[in-house]
Asks: 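First the structure, then my questions, so here it is.
The first residue of the sequence shown is numbered 1, and numbering continues consecutively from there. Keep in mind the model is a prediction, meaning the values are calculated, not measured. Both ligands and their constituent atoms are indexed starting at 1 by order of listing.
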Amino acid sequence: MKLKIALQKSGRLYDDSTSILKECGIELQNGMNKLLNEAINFPLQILFLRDDDIPQYVEDAVADVGIVGENVVFETHKDIEIIDKLGFGKCRLSIAVPRNENYANVSFLQNKKIATSYPYLLQKFLDENKITAEIHEISGSVEITTGVGLADAICDLVSSGSTLFSNGLKETEVILNSEAVLIENKNISDEKKIVLEKLLFRIEAVKKSKKYKYILLNVPNENLETVCKIIPGMKSPTVLPLGIEGWCSLHSVVHEDDFWNVIESLKENGAEGILIAPIEKMIL
Ligand code: PRT
Ligand code: ZN
């Protein structure tokens, strides 16, 4: 039984979505049409769609699962389940106003005109803050609307902030933090669930490997205990004797988030010859 996954056809999520499949060891067929593909070594069919359509296709069970930004998931608010966060496509949905405006708080938006491609999420935010404003829905180039007098503020996706900056805008409120997620149809069959579990297992291994680095170092025997506490690894570090008396070599993994702090305390505790290597897959 083949699982059907919907991915963005082209755009910002395309590369990362297709690479995650590749890193999961799933190879697609060459030369198939651009809308439908099939893995050659995993029971998976791939549908390539516009990102905005993915939640609907998953709700309707045309696709069983899909990869799409949370911004799209929450804006379309279809009856589907988010099953995994994928760590790419990170951005935020924010309110921005012209840089010279005196924006103190959300009450600035009262009775203003706001341009957006996210009318549902914007309305929800305004309601929560008891603000009445006019929502001007447009499908693209939201950031130019204030400059041409179409709106007083915008609500759009931001990642680096350079688009806002080059259009004379400043970010004033973050409505939603978003990243790409795996979504699932709520009534997926047990057979397909088994395939999905296999896929999720591989995705987790790929995600974990990206968060950790493999670390090798030399340490004097008297500091071994302390160093083992600093990098306890998955179960415990591997300790091997070195060719010279009084030293050993230690192998472990270290989390990316506290990487530099860990390295500093390792050095303070006499570690030498520290080597760091990427991990390709990690299965706990
Ligand atoms: O054709 P299709 O409908 O499939 O694609 P699309 O044009 O609607 O979407 P696309 O490919 O632009 O984005 C797909 C998804 O990527 C979005 O739904 C988000 O989940 C995610 N994402 C991450 C972003 C950004 N970062 C992003 N920066 N989507 C859009 N932007 C745009 C933003 O709208 C603004 O115009 O980039 C500009 C701001 O970027 P900075 O870096 O200048 O702040
Ligand atoms: Zn889109």
Asks: Above 12 or not: heavy atoms from other molecules or residues under 6.0 Å from CD of Gln110?
Replies: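 Counting other residues, nucleotides and ligands, CD of Gln110 exceeds 12 neighbours.
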Asks: May I ask you to decide if the ring planes of Phe48 and Tyr14 are parallel, tilted or perpendicular, using 30° and 60° as cut-offs?
Replies: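 Correct class here is tilted.
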Asks: Please work out, at 4.0 Å between heavy atoms, whether the side chain, the backbone, both, or neither of Asp156 comes within that distance of ligand 1.
Replies: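 Asp156 to ligand 1: side-chain contact only, backbone stays beyond 4.0 Å.
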Asks: Who's the nearest protein heavy-atom neighbour of atom 15 (C) of ligand 1, and how far?
Replies: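 Sorting protein heavy atoms by distance from atom 15 (C) of ligand 1 puts Leu13 CG, 3.7 Å first.
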Asks: Looking only at the side chains, is there a donor atom on one of Glu75 and Asn71 sitting less than 3.5 Å from an acceptor on the other?
Replies: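 No, no side-chain donor-acceptor contact under 3.5 Å.
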Asks: Quick check on contacts: which atoms of ligand 1 are under 4.0 angstrom from a heavy atom of Ser162?
Replies: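 By the 4.0 Å cutoff, the relevant atoms are 43 (O), 44 (O).
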Asks: Which atoms from ligand 1 have a heavy atom of Gly69 less than 4.0 Å away?
Replies: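 This gives 20 (O) as the contact atoms.
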Asks: Is it true that, when you exclude Phe201 itself, more than 12 heavy atoms of the residues, nucleotides or ligands shown sit nearer than 6.0 Å to its CZ?
Replies: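 Open.
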Asks: What is the closest protein heavy atom to atom 22 (N) of ligand 1, and at what distance does it sit?
Replies: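 Result: Cys91 SG, 3.6 Å.
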Asks: Scan the protein's non-hydrogen atoms and note whether one is under 4.0 Å from atom 44 (O) of ligand 1.
Replies: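 Under 4.0 Å from atom 44 (O) of ligand 1, at least one protein heavy atom found.
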Asks: I need the Leu86 CG to Asp16 CG distance, nearest 0.5 Å.
Replies: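 The distance works out to 9.5 Å.
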Asks: More than 12 heavy atoms of other residues, nucleotides or ligands under 6.0 Å from OH of Tyr57: is that the case?
Replies: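 No, the 6.0 Å shell around OH holds no more than 12 heavy atoms from other groups.
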Asks: Against heavy atoms of Val72, which atoms of ligand 1 measure under 4.0 Å?
Replies: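 Listed by number with element: 18 (O).
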Asks: Could you list the atoms of ligand 1 found under 4.0 angstrom from a heavy atom of Gly89?
Replies: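 Counting atoms of ligand 1 from 1, those under 4.0 Å from Gly89 are 21 (C), 23 (C).
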Asks: So is Tyr118 polar-close to ligand 1, meaning N/O to N/O under 3.5 Å?
Replies: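 Such a contact does not occur with ligand 1.
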Asks: Kindly confirm or rule out an N or O of Gly161 lying under 3.5 angstrom from an N or O of ligand 1.
Replies: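 N/O-N/O distance under 3.5 Å: yes.
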Asks: Can Lys112 be said to sit on top of Phe108's aromatic six-ring, NZ or CZ under 6.0 Å from centre and within 45° of the ring axis?
Replies: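 Yes, Lys112 and Phe108 form such a contact.
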Asks: Counting only heavy atoms closer than 4.0 Å, does ligand 1 sit against the backbone of Gln8, its side chain, both, or neither?
Replies: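 Just the side chain.
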Asks: Please tell me whether Tyr103 and Glu173 have a donor and an acceptor in their side chains that are separated by less than 3.5 angstrom.
Replies: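 Per modelled atom types, Tyr103 and Glu173 side chains form a pair under 3.5 Å.
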Asks: I need the contact type for Leu157 against ligand 1. Using non-hydrogen atoms and a strict under-4.0 Å cut-off, is it side chain, backbone, both or neither?
Replies: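 The answer is both.
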Asks: Checking contacts here: is it the side chain or the backbone of Asn71 that comes within 4.0 Å of ligand 1, counting heavy atoms only? Could be both or neither.
Replies: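 Within the 4.0 Å criterion, Asn71 contacts ligand 1 through side-chain atoms alone.
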Asks: Would you mind running through ligand 1 and noting each atom that sits below 4.0 Å from a heavy atom of Gly11?
Replies: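 Under 4.0 Å from Gly11, ligand 1 has these atoms: 11 (O).
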Asks: Could you check atom 28 (N) of ligand 1 against the protein and tell me its nearest heavy-atom contact, residue, atom and distance included?
Replies: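 Ranked first by proximity to atom 28 (N) of ligand 1 is Ser159 OG, 2.9 Å.
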Asks: Give yes if a backbone or side-chain nitrogen or oxygen of Arg50 is under 3.5 Å from a nitrogen or oxygen of ligand 1, and no if not.
Replies: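 Min N/O separation from ligand 1 is below 3.5 Å for Arg50.
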Asks: Does CG in Asp190 sit with more than 12 non-hydrogen atoms of other residues, nucleotides or ligands closer than 6.0 Å?
Replies: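 It does not: Asp190 CG has 12 such atoms or fewer within range.
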Asks: Going by the atom numbers of ligand 1, which of them fall below 4.0 Å from some non-hydrogen atom of Ser160?
Replies: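 Heavy-atom distances to Ser160 below 4.0 Å select 41 (P), 42 (O), 43 (O), 44 (O).
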Asks: Using a cut-off of 2.8 Å, count how many protein N, O or S atoms are strictly closer to the Zn ion (ligand 2).
Replies: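 Count of protein N, O, S atoms less than 2.8 Å from the Zn ion (ligand 2): 2.
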Asks: To the nearest 0.1 Å, how far is atom 8 (O) of ligand 1 from its closest protein heavy atom, and which atom is that?
Replies: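 Sorting protein heavy atoms by distance from atom 8 (O) of ligand 1 puts Asp51 OD1, 3.4 Å first.
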Asks: Once salt bridge (charged side-chain N to carboxylate O under 4.0 Å, His left out) is applied, do any residues pair with Glu70, and if so which ones, sequence neighbours excluded?
Replies: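 Salt bridge (charged side-chain N to carboxylate O under 4.0 Å, His left out) check on Glu70 returns Lys85.
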Asks: Tell me, yes or no, whether the heavy-atom count around Lys281 atom NZ, taken from other residues, nucleotides or ligands under 6.0 Å, exceeds 12.
Replies: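 For Lys281, atom NZ is crowded (more than 12 foreign heavy atoms under 6.0 Å).
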Asks: Taking only heavy atoms of Thr163, which atoms of ligand 1 are found under 4.0 Å from at least one of them?
Replies: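 Under 4.0 Å from Thr163, ligand 1 has these atoms: 38 (C), 39 (C), 40 (O), 41 (P), 43 (O).
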Asks: Distance under 4.0 Å to a non-hydrogen atom of Val158: what atoms of ligand 1 satisfy this?
Replies: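 Result: 44 (O).
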Asks: Under 3.5 Å, is there a donor-acceptor pair between the Ser94 and Glu171 side chains?
Replies: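 Side chains of Ser94 and Glu171: pair found under 3.5 Å.
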Asks: In the protein, which heavy atom is nearest to atom 32 (C) of ligand 1, and how far is it?
Replies: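 Protein heavy atom with the smallest distance to atom 32 (C) of ligand 1: Arg12 NH2, 3.4 Å.
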Asks: Do Glu38 and Gln45 pair up side chain to side chain, a donor and an acceptor below 3.5 Å, judged on atom types alone?
Replies: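 Glu38 vs Gln45: donor-acceptor pair found between side chains.
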Asks: Could you check whether Lys192 pairs with Asp64 (Lys NZ or Arg NE/NH1/NH2 to Asp/Glu carboxylate O, under 4.0 Å)?
Replies: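 Yes, Lys192 and Asp64 are salt-bridged.
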Asks: For Arg202, is there an ion pair with Glu23 - N to carboxylate O distance below 4.0 angstrom?
Replies: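 Arg202 and Glu23: not salt-bridged.
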Asks: Taking atom CD of Glu128 as the centre, report whether more than 12 heavy atoms of other residues, nucleotides or ligands fall under 6.0 Å from it.
Replies: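 Yes, the 6.0 Å shell around CD holds more than 12 heavy atoms from other groups.
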